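Keep in mind it's a predicted model, so treat the numbers as computed, not measured. Excluded from the calculations below are hydrogen atoms, water molecules and symmetry mates; all remaining heavy atoms, backbone and side chain alike, are included.
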Amino acid sequence: MPQVGLAAVSTTTVAEALAAGYRGFEVADPDVGQALVRSGVPRHELFVTTRMAESPRAFEESLARLRMDYVDLCLLAAPVDDFVQAWKGLEKVAADGRARAIGVCDCLIPHLRRLSEETSTVPAVNRVELNPGHVQPILRAYHSEHGITTQAYRPLGDLVGNDEIGFMAQKYGKTPAQIILRWHVELKHVISVEPTAPREYIDIFDFELAEDDVLALSEMA
């Protein structure tokens with residue numbers, strides 16, 4: 001799973017994103033799925049994520065619209081009333097190979113414990129809001145203990161204009177957004193970024209943050 005993936009991608013941004021180096025895409029729009037298929041990039045080089053609300057039938061319909069035989073990751077949307085049954089439906093999708101991995105969105109520790117107690121599969125991923133203003137240390141520790149990958153959405157929060165981060169950006173010769181996204185990389189989060197500045201957001205692998213700067217960002221909440 002690429003450490004930086006693109007969320008809410010549109011057909012107009014597919015070519016730019018691929019050229020910038022993205023290979024991870026969260027896809028809901030069937031036109032985007034078809035654009036990826038037509039891009040010429042081999043399917044095995046792409047990591048395609050989609051979501052399922054409740055029923056496997058909805059997933060099957062989504063897969064058909066995307067014109068793909070499988071997705072690399074299917075996420076169960078935010079916990080529904082009977083999300084354990086919904087998760088069992090997702091397990092079936094994984095068992096027949098239509099989703100190479102399955103995960104969840106916005107699950108808290110009690111939700112994750114229920115899944116571990118009542119089903120046979122640990123989520124590969126929990127997609128949660130996470131940024132230096134909202135660090136969720138207890139949840140992240142639970143993920144680490146149970147082998148669950150933390151995927152961060154809203155990874156920048158509302159911090160791009162923060163003065164302290166601005167000073168760090170000057171220090172490293174990077175943008176504030178790149179400083180925040182590098183913080184995620186240092187903490188081994190998978191990052192889901194919006195396609196507002198795709199080239200800027202992926203250009204974060206040519207520097208490292210000092211340990212004290214990682215700690216300062218982690219203590220901003």
Side-chain angles (χ1 to χ4, degrees), residues 1-53 55-77 87-105 120-128 143-144 146-153 155 181-182 184-206:
M1 188 176 186
Q3 194 158 16
V4 182
L6 208 60
V9 66
S10 68
T11 54
T12 58
T13 57
V14 166
E16 179 186 2
L18 288 170
Y22 288 89
R23 292 298 181 266
F25 297 88
E26 293 178 27
V27 179
D29 183 343
D31 289 340
V32 173
Q34 293 166 32
L36 289 171
V37 170
R38 295 192 303 266
S39 69
V41 176
R43 177 64 183 87
H44 70 271
E45 293 184 12
L46 299 172
F47 193 98
V48 177
T49 299
T50 190
R51 296 190 215 178
M52 188 182 88
S55 73
R57 178 174 295 179
F59 172 80
E60 291 167 7
E61 293 171 355
S62 174
L63 200 60
R65 290 196 302 271
L66 295 175
R67 297 186 183 177
M68 293 182 177
D69 297 326
Y70 69 95
V71 294
D72 299 277
L73 174 65
C74 184
L75 297 173
L76 182 64
W87 178 253
K88 289 179 178 179
L90 200 53
E91 287 181 314
K92 295 177 182 177
V93 167
D96 64 19
R98 289 172 295 165
R100 299 289 174 86
I102 55 177
V104 292
C105 297
S120 59
T121 308
V122 175
V125 172
N126 188 14
R127 184 181 189 272
V128 296
H143 290 170
S144 180
H146 292 85
I148 300 170
T149 295
T150 301
Q151 183 179 34
Y153 71 86
L181 295 175
R182 183 66 207 188
H184 285 284
V185 169
E186 302 284 358
L187 295 181
K188 299 184 173 17
H189 305 154
V190 170
I191 315 165
S192 177
V193 298
E194 298 295 324
T196 50
R199 291 186 181 275
E200 174 189 351
Y201 293 162
I202 204 170
D203 186 22
I204 56 173
F205 294 101
D206 60 350

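Pairing each heavy atom of L66 with each of P30, the nearest pair is CD2-CA, 3.8 Å. Shortest non-hydrogen contact noted between I102 and A94 is CG2-CB, 3.8 Å. Between P2 and F47, the shortest heavy-atom distance links the atoms CD-CB, 3.4 Å. The nearest pair of heavy atoms linking L6 to P195 is CD1-CA, 3.8 Å. Contact record, R98 with K92: NH2-O, 4.3 Å, taken as the closest heavy-atom pair. Considering all non-hydrogen atoms of both residues, A35 and V14 come closest at CB-CG2, 4.1 Å.
For the atom pair S39 OG and E45 CD, the distance stands at 9.5 Å (nearest 0.5 Å). How far CE of M52 is from CG of L63: 12.5 Å, rounded to the nearest 0.5 Å. Atoms CD and CD1, from E186 and I204 in turn, are 9.5 Å apart once rounded to the nearest 0.5 Å. Taken from CZ in R65 to CD in E60, the straight-line distance is 12.0 Å, to the nearest 0.5 Å. D203 contributes atom CG, which lies 11.0 Å from atom CZ of R182 (distance to the nearest 0.5 angstrom). Distance check: R199 CZ to Y22 OH gives 9.5 Å after rounding to the nearest 0.5 Å.
S192 and Q151 form no side-chain donor-acceptor contact under 3.5 Å, judged by distance and modelled atom types alone. Defined by atom type and a distance below 3.5 Å, a donor-acceptor pair is missing between the side-chain atoms of T50 and E26.
V185 has its side chain within reach of F205: a pair of non-hydrogen atoms, C-beta onward, lies under 4.5 Å apart. Considering only heavy atoms from C-beta on, L18 comes within 4.5 Å of L46 through its side chain. V41 has its side chain out of reach of L36: every pair of non-hydrogen atoms, C-beta onward, lies at least 4.5 Å apart.
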Exercise for review: Go through the steps for Y201 and T196 under the test side-chain contact (heavy atoms from CB on, under 4.5 Å), then give the verdict.
Suggested key: CA-CA 9 Å; Y201 293 162; T196 50; 3.0 Å; yes
Point to revise | Full working for side-chain contact (heavy atoms from CB on, under 4.5 Å) between R51 and R127 | key: CA-CA 11 Å; R51 296 190 215 178; R127 184 181 189 272; 3.2 Å; yes
Point to revise | Pair V193-L181, side-chain contact (heavy atoms from CB on, under 4.5 Å): steps then yes or no | key: CA-CA 9 Å; V193 298; L181 295 175; 4.0 Å; yes
Practice item. Would you please test E194 and Y153 for side-chain contact (heavy atoms from CB on, under 4.5 Å) and show each step? Key: CA-CA 9 Å; E194 298 295 324; Y153 71 86; over 6 Å; no
Residues 67-77 side chain polar contacts: donor-acceptor under 3.5 Å, at least two apart:
unit_1	atom_1	unit_2	atom_2	d
D72	OD2	R43	NH1	3.0
D72	OD2	R43	NH2	3.0
D72	OD2	V48	N	2.8

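For H143, there are no ring-ring contact (aromatic ring centres under 6.0 Å, His included) partners two or more places apart in sequence or in a different chain.
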